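So the structure is just underneath, and the comments pick up after that.
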Amino acid sequence: MGKQNSKLRPEVLADLRETTEFNEHELQEWYKGFLKDCPTGVLTVEEFKRIYGNFFPYGDASRFAEHVFRTFDANGDGTIDFREFICALSVTSRGTLESKLKWAFSMYDLDGNGFISRSEMLEIVRAIYKMVGTVMKMPEDESTPEKRVDKIFKQMDKNADGKLSTAEFIEGAKSDPSIVKLLQCDPSAAAGQ
């Protein structure tokens, strides 16, 4: 008895096929893997930070992982269940550019007020810099989190009100691919590669 069923129920599977970009086989495989890594059926922030940290061995990913976790945790209950996990994974791995940017916006919008303030952007960018450690050499105009945030706001904050709306964020990222790279912490963006 005590062992969790490693197959999704038909109604859950049908729902996830509708709401994600994964097919039935992929969903079943992801579910098996999720239960293997999370036998309780949910992922806590501490487990998430540990797993996330494995991808960034030369820096401290814990702060950034907390922001990603918050964005995955759609119902705000402090855990990520399979549905939240697979829906976020679907957006980040297979979603349209627009849906990926909306997802990123929600991660940067720390207080959920529909705008990204300079301080919210700075919090995320600082977390990114801590995560990548000294592995990445940044160009001079992005050598500190503050300089990077200034550069992003200069390019995106079209009405100069000191905050980014969803529209400004998406429009800015779409009109300048180097912005997407700046947001993702890709130094090749500034080098024009």
Side-chain angles (χ1 to χ4, degrees), residues 1-96 99-113 116 119-136 145 148 169 180-186:
M1 286 282 271
K3 189 175 185 294
Q4 233 178 338
N5 190 351
S6 61
K7 279 218 184 277
L8 288 165
R9 294 190 321 273
E11 66 275 14
V12 173
L13 191 57
D15 173 52
L16 291 176
R17 283 183 53 217
E18 280 290 311
T19 54
T20 72
E21 299 295 324
F22 294 109
N23 66 37
E24 187 170 328
H25 175 73
E26 291 169 323
L27 288 165
Q28 292 289 12
E29 288 303 307
W30 275 110
Y31 187 62
K32 270 192 256 179
F34 186 84
L35 287 182
K36 185 173 166 277
D37 292 339
C38 312
T40 62
V42 294
L43 194 53
T44 66
V45 70
E46 290 309 316
E47 292 165 325
F48 190 81
K49 283 168 34 174
R50 184 182 46 74
I51 292 166
Y52 211 88
N54 292 334
F55 296 104
F56 300 93
Y58 301 107
D60 177 4
S62 61
R63 195 76 188 115
F64 188 73
E66 288 172 8
H67 293 300
V68 175
F69 183 90
R70 175 183 44 79
T71 311
F72 270 55
D73 182 16
N75 66 3
D77 70 354
T79 63
I80 297 172
D81 62 22
F82 180 70
R83 182 177 189 16
E84 290 169 318
F85 170 78
I86 203 70
C87 287
L89 187 65
S90 178
V91 169
T92 57
S93 67
R94 296 189 177 173
T96 62
S99 64
K100 287 177 182 180
L101 291 172
K102 283 181 180 170
W103 188 89
F105 183 89
S106 69
M107 183 173 68
Y108 281 80
D109 181 13
L110 298 177
D111 63 8
N113 71 349
I116 300 171
S119 63
E120 287 173 320
M121 177 73 72
L122 188 56
E123 163 62 28
I124 300 287
V125 173
R126 280 185 178 141
I128 291 170
Y129 274 56
K130 273 182 81 171
M131 180 173 65
V132 298
T134 55
V135 174
M136 296 177 86
R148 177 170 288 222
F169 183 82
V180 177
K181 290 182 178 179
L182 283 174
L183 294 168
Q184 294 171 331
C185 202
D186 183 344

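Numbers here are sequence positions counted from 1. As the structure is a prediction and not an experimental result, all values here were calculated from the model. Below, each value reflects all heavy atoms present in this structure, side chains not excepted, and no hydrogens, waters or symmetry copies.
Applying the salt bridge (Lys or Arg N to Asp or Glu O under 4.0 Å) test between E123 and each of K130, R63, R70 identifies R63 as the sole match.
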Q.
Let's go through D60 and M131 carefully: what are the C-alpha distance in whole Å and the side-chain angles of both, what is the deciding distance for side-chain contact (heavy atoms from CB on, under 4.5 Å) to 0.1 Å, and is it a yes or a no?
A. CA-CA 5 Å; D60 177 4; M131 180 173 65; over 6 Å; no
Q: Begin with the C-alpha distance, continue with both residues' side-chain angles, and end with the deciding distance and a verdict on side-chain contact (heavy atoms from CB on, under 4.5 Å) for T19 and R83.
A: CA-CA 10 Å; T19 54; R83 182 177 189 16; 3.6 Å; yes
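Among all heavy-atom pairs drawn from L8 and Q28, the shortest one is N-OE1, 3.0 Å. Nearest heavy atoms, C38 versus L43: SG-CD1, 3.5 Å. The two residues V68 and W103 have their closest heavy-atom pair at CG1-CH2, 4.2 Å. In this structure, Y108 and I124 approach most closely via the heavy-atom pair CE2-CG2, 3.5 Å. Across all non-hydrogen atoms, the minimal contact from L16 to I86 is CD2-CG2, 3.8 Å. When all heavy atoms of H67 and A127 are compared, the pair lying nearest together is CD2-CB, 4.3 Å.
A tilted orientation is assigned to the rings of F64 and Y52, their planes being inclined by 30° to 60°. Between F85 and F72, the ring-plane angle classifies as tilted under the 30° and 60° cut-offs. Note on ring orientation: taking the six-membered ring where Trp is involved, the planes of F48 and F69 are perpendicular (angle over 60°, cut-offs 30° and 60°).
R148 places no side-chain N or O within 3.5 Å of a backbone atom of V125 that could act as its donor or acceptor partner. When atom types are taken as modelled, the side chain of E84 and the backbone of D81 share a donor-acceptor pair closer than 3.5 angstrom. A donor-acceptor pair under 3.5 Å is formed between the side chain of D73 and the backbone N or O of G78. Between the side chain of E120 and the backbone N or O of L110, at least one donor-acceptor pair lies under 3.5 Å.
No more than 12 heavy atoms of other residues, nucleotides or ligands lie within 6.0 Å of CD in E18, so this atom counts as exposed by the packing criterion. Annotation: K102, atom NZ; neighbour count of heavy atoms from other residues, nucleotides and ligands within 6.0 Å does not exceed 12.
Ion pairing between R50 and E47 fails under the 4.0 Å rule for side-chain N and carboxylate O.
In this structure, the side chains of R17 and N23 stay at 4.5 Å or more apart for every pair of heavy atoms. Inter-residue side-chain proximity for T20 and E26 is flagged as unmet; no heavy-atom pair is nearer than 4.5 Å. Counting heavy atoms from C-beta on, the side chains of L122 and R126 come closer than 4.5 Å. Between V45 and E66, some side-chain heavy-atom pair lies under the 4.5 Å cut-off. Inter-residue side-chain proximity for L89 and F22 is flagged as met; some heavy-atom pair is nearer than 4.5 Å.
Interatomic distance, K49 NZ to S62 OG, rounded to the nearest 0.5 Å: 5.0 Å. One finds the OG atom of S99 at 13.0 Å from the CZ atom of R94 (value rounded to the nearest 0.5 Å).
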